[in-house]
Amino acid sequence: MEARAEELRRRLAALGFDDVRFAATAALTDEGLPAWLAAGLQADMQWMERTAEKRLQPDAVLPGARSIIMLGVNYGPARPTGGSVQWARYALHDDYHDTVKPGLVAAGRALEEIYGVKGEDYRYYVDTGPVLERSWAARAGVGFVGKNAMLISRRYGNWLLLAAILARVELPPDPPIRKKFEIRNSKFENAPGLLCGKCTRCLDACPTNAFPRPGVVDARRCISYQTIENKGVIPRALRAGIGAHVYGCDVCLEVCPWNRFAQAGRRMLLTVRDEIGALTLAELLELTPERFAAVFKGTPIKRVKFAGLLRNACIVAGNSGDRSLLPALVRLAAHDVALIRVHAVWAVRRLGGDAMLASLRAGEKDASVLEEYAAAD
Ligand code: B12
Ligand code: SF4
Ligand code: SF4
């Protein structure tokens with residue numbers, strides 16, 4: 001059994017998975033999820049509530065599942081990002097949901113060949129299914145859960161994307177990470193902060209105070225949620241904190257000292273799109289729907305759609321202090337899409353261009369935009 005499991009591990013690693021570890025599928029005793037949902041920290045991600053039971057119980061996802069194969073894909077950066085527009089690092093690639101999938105298909109074939117199972121005997125996911133990926137990765141020893149809620153690898157730091165294969169195959173479970181002199185004072189299996197010690201860098205650095213407790217993210221306050229998942233108006237109180245983050249946020253990942261062990265990824269299952277990181281704020285504000293579709297084709301950024309990205313770019317422009325962006329923002333304050341107008345009006349006012357909006361204000365009818373004009377900052 002061990003020999004077959006090691007052959008499977010070798011074949012999956014050769015496909016481009018940077019970490020391959022196994023866990024046995026008993027139900028998780030992870031109480032983080034129910035508490036998180038009960039407190040409403042999921043914002044409007046109702047799909048998290050609908051699938052909560054399944055997330056804790058793999059048998060409800062694949063009846064008869066015996067093991068879960070946790071896979072890590074290292075996207076460790078070759079060079080630092082930063083500047084006047086900041087993107088989540090994972091977004092500067094083709095959409096990993098698409099590029100990791102062929103690896104999972106091939107991994108399934110390896111499982112079939114080595115264990116003689118059929119396609120119906122396993123199910124794979126990369127961020128796409130009702131699987132608490134970080135908890136399973138912690139149980140399989142891929143890493144530990146940090147106070148920033150991330151699954152942190154001792155080999156790759158915070159730069160590891162996760163994928164999972166549930167299978168009706170018995171694999172020898174790998175041990176979770178344990179501290180040398182661990183005092184198990186928590187009834188929770190993956191309680192956050194195992195190897196954080198006294199460090200609180202991530203909690204202190206979060207620009208929007210999104211951590212009510214170590215290891216717990218309030219999605220309503222998280223820049224990643226607001227700039228990616230929220231399809232509507234971004235709460236005014238959070239806009240200044242969004243700073244230069246135009247899509248996603250890596251602040252609580254970047255500051256983590258465990259990244260000192262990170263190595264640049266092999267990227268066998270990823271395709272780098274560096275040209276996106278090179279776009280200037282002025283270029284983003286000039287985007288048309290056609291150019292948006294062409295530039296962001298194949299990337300995860302297409303998920304926020306044209307209006308969502310323009311909304312985010314207006315906030316970044318408002319925070320930039322760069323008054324040379326005012327003419328572009330005034331044009332956007334007259335855009336057909338109200339969502340863009342709301343945020344453009346905010347940005348113009350934040351840059352002190354109030355007077356430039358007078359004629360537009362007179363003709364405005366949409367309630368959300370009028371509210372923006374009326375708001376006191
Ligand atoms: C919903 C979601 C989000 C939401 C909510 C984030 C969150 N912290 O839950 C939003 C949109 C904000 C988000 C943001 C990001 N996400 Co996200 N997200 C997910 C998703 C789909 C579900 C996560 C989930 O179940 N959340 C619910 C909470 C309760 O669970 P959790 O944090 O995962 O689980 C921990 C707690 O339960 C805790 N815990 C256990 N027991 C106990 C007990 C107590 C008392 C407490 C307090 C806690 C606790 O430990 C658990 C194990 O890690 C997963 C994919 C998946 N299917 O798992 C990706 C995933 C977590 N996201 C990922 C990434 C990369 C990000 C971003 C970095 C993207 C970006 N750059 O903008 C940020 C990071 C924000 C952060 N610090 O967490 C990766 C993380 C990889 C990794 N190495 O950890 C995942 C795994 C996707 C993937 N397949 O790679 N995400
Ligand atoms: S991703 Fe950004 S906003 Fe969200 S918790 Fe981390 S630092 Fe805070
Ligand atoms: S920054 Fe510090 S506290 Fe936060 S996850 Fe990393 S080691 Fe833990």
Side-chain angles (χ1 to χ4, degrees), residues 19 28-37 39 41-43 45 47-49 51-52 55-56 70-75 86-92 96-97 100 125-139 142-153 156-164 186-230 238 241-243 245 247-260 300:
D19 211 350
L28 281 169
T29 50
D30 181 341
E31 302 213 14
L33 181 63
W36 192 70
L37 293 170
L41 306 186
Q42 76 279 25
M45 295 183 288
W47 45 273
M48 287 292 300
E49 284 165 76
T51 54
R55 280 173 196 270
L56 293 170
M70 283 311 304
L71 303 162
V73 176
N74 171 21
Y75 66 110
Q86 286 173 27
W87 305 83
R89 286 174 190 250
Y90 84 85
L92 301 179
Y96 71 91
H97 301 95
V100 172
Y125 298 107
V126 50
D127 192 31
T128 43
V131 179
L132 264 186
E133 291 173 348
R134 301 203 262 216
S135 297
W136 284 107
R139 186 185 270 193
V142 176
F144 70 99
V145 179
K147 290 180 190 170
N148 60 2
M150 295 299 292
L151 188 284
I152 300 173
S153 156
Y156 307 113
N158 284 254
W159 312 114
L160 202 64
L161 296 167
L162 299 174
S186 171
K187 64 186 167 112
F188 302 112
E189 186 176 341
N190 298 315
L194 183 70
L195 299 185
C196 290
K198 290 199 169 67
C199 176
T200 56
R201 280 196 211 177
C202 52
L203 310 178
D204 302 337
C206 175
T208 47
N209 291 319
F211 292 105
R213 293 162 57 186
V216 179
V217 173
D218 182 345
R220 297 169 300 186
R221 298 195 63 84
C222 177
I223 295 170
S224 180
Y225 169 81
Q226 289 296 342
T227 56
I228 302 174
E229 301 291 337
N230 179 3
L238 296 177
I242 287 175
H245 300 283
Y247 183 95
C249 170
D250 282 339
V251 170
C252 59
L253 286 69
E254 296 275 2
V255 297
C256 179
W258 280 97
N259 293 338
R260 67 182 178 273

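In listed order, ligands and their atoms are each counted from 1. Residue numbers start at 1 and run along the sequence shown. Below, all heavy atoms of this structure are taken into account, side chains as well, without hydrogens, waters or symmetry copies.
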Subset of ligand 2 atoms that lie under 4.0 Å from at least one heavy atom of P207: 7 (S)
For Q42, run the side-chain hydrogen bond (donor to acceptor under 3.5 Å, both in side chains) check against R220, E229, E49 and tell me which one passes. E49
Mind checking whether C249 has a heavy atom under 4.0 Å from ligand 1? yes
So, does C252 sit close enough to ligand 1 that a heavy atom of it is under 4.0 Å from the ligand? yes
Of the side chain and backbone of A205, name the one, both, or neither that has a heavy atom under 4.0 Å from an atom of ligand 2. neither
Is there an N/O/S atom in C199 that lies less than 2.8 Å from atom 2 (Fe) of ligand 3? yes
I'd like the name of whichever of A219, S224, A210, C206 reaches closest to atom 8 (Fe) of ligand 2 through any heavy atom. C206
Contact region, T208 to ligand 2, non-hydrogen atoms below 4.0 Å, reads side chain
Shortest protein heavy-atom distance from atom 3 (S) of ligand 2, along with the residue and atom involved: I223 N, 3.2 Å
Considering heavy atoms of the protein only, find what lies nearest to atom 7 (S) of ligand 3 and give residue, atom and distance to 0.1 Å. W258 CD1, 3.6 Å
Could you list which atoms of ligand 3 come closer than 4.0 Å to a heavy atom of C196? 3 (S), 5 (S), 7 (S), 8 (Fe)
Under 4.0 angstrom from ligand 3, any heavy atom of I152? yes
Counting from 1 in the order shown, the ligand 3 atoms closer than 4.0 Å to a non-hydrogen atom of N148 are 5 (S)
Between F211 and ligand 2, which part of the residue brings a heavy atom under 4.0 Å of the ligand: side chain, backbone, both or neither? side chain
Only heavy atoms of V251, strictly under 4.0 Å: list the atoms of ligand 2 that pass. 7 (S)
Among A88, C222, C202, closest by any non-hydrogen atom to atom 4 (Fe) of ligand 2: C222
Identity and distance of the protein heavy atom lying nearest atom 6 (Fe) of ligand 3: C256 SG, 2.5 Å
What is the closest protein heavy atom to atom 2 (Fe) of ligand 2, and at what distance does it sit? C249 SG, 2.3 Å
Heavy-atom contacts with R55 under 4.0 Å: which atoms of ligand 1 show up? List them by number with element. 57 (N)
List the steps and the verdict of side chain to side chain contact (heavy atoms under 4.5 Å, CB included) for V216 and L41. CA-CA 9 Å; V216 179; L41 306 186; 3.4 Å; yes
For ligand 1, does L161 get within less than 4.0 Å through its side chain, its backbone, both, or neither, judged by non-hydrogen atoms? both
Return yes when Y125 approaches ligand 1 closer than 4.0 angstrom through a heavy atom, no otherwise. no
Would you indicate which of M45, E133, H97 comes nearest to atom 88 (C) of ligand 1 when only heavy atoms are counted? E133
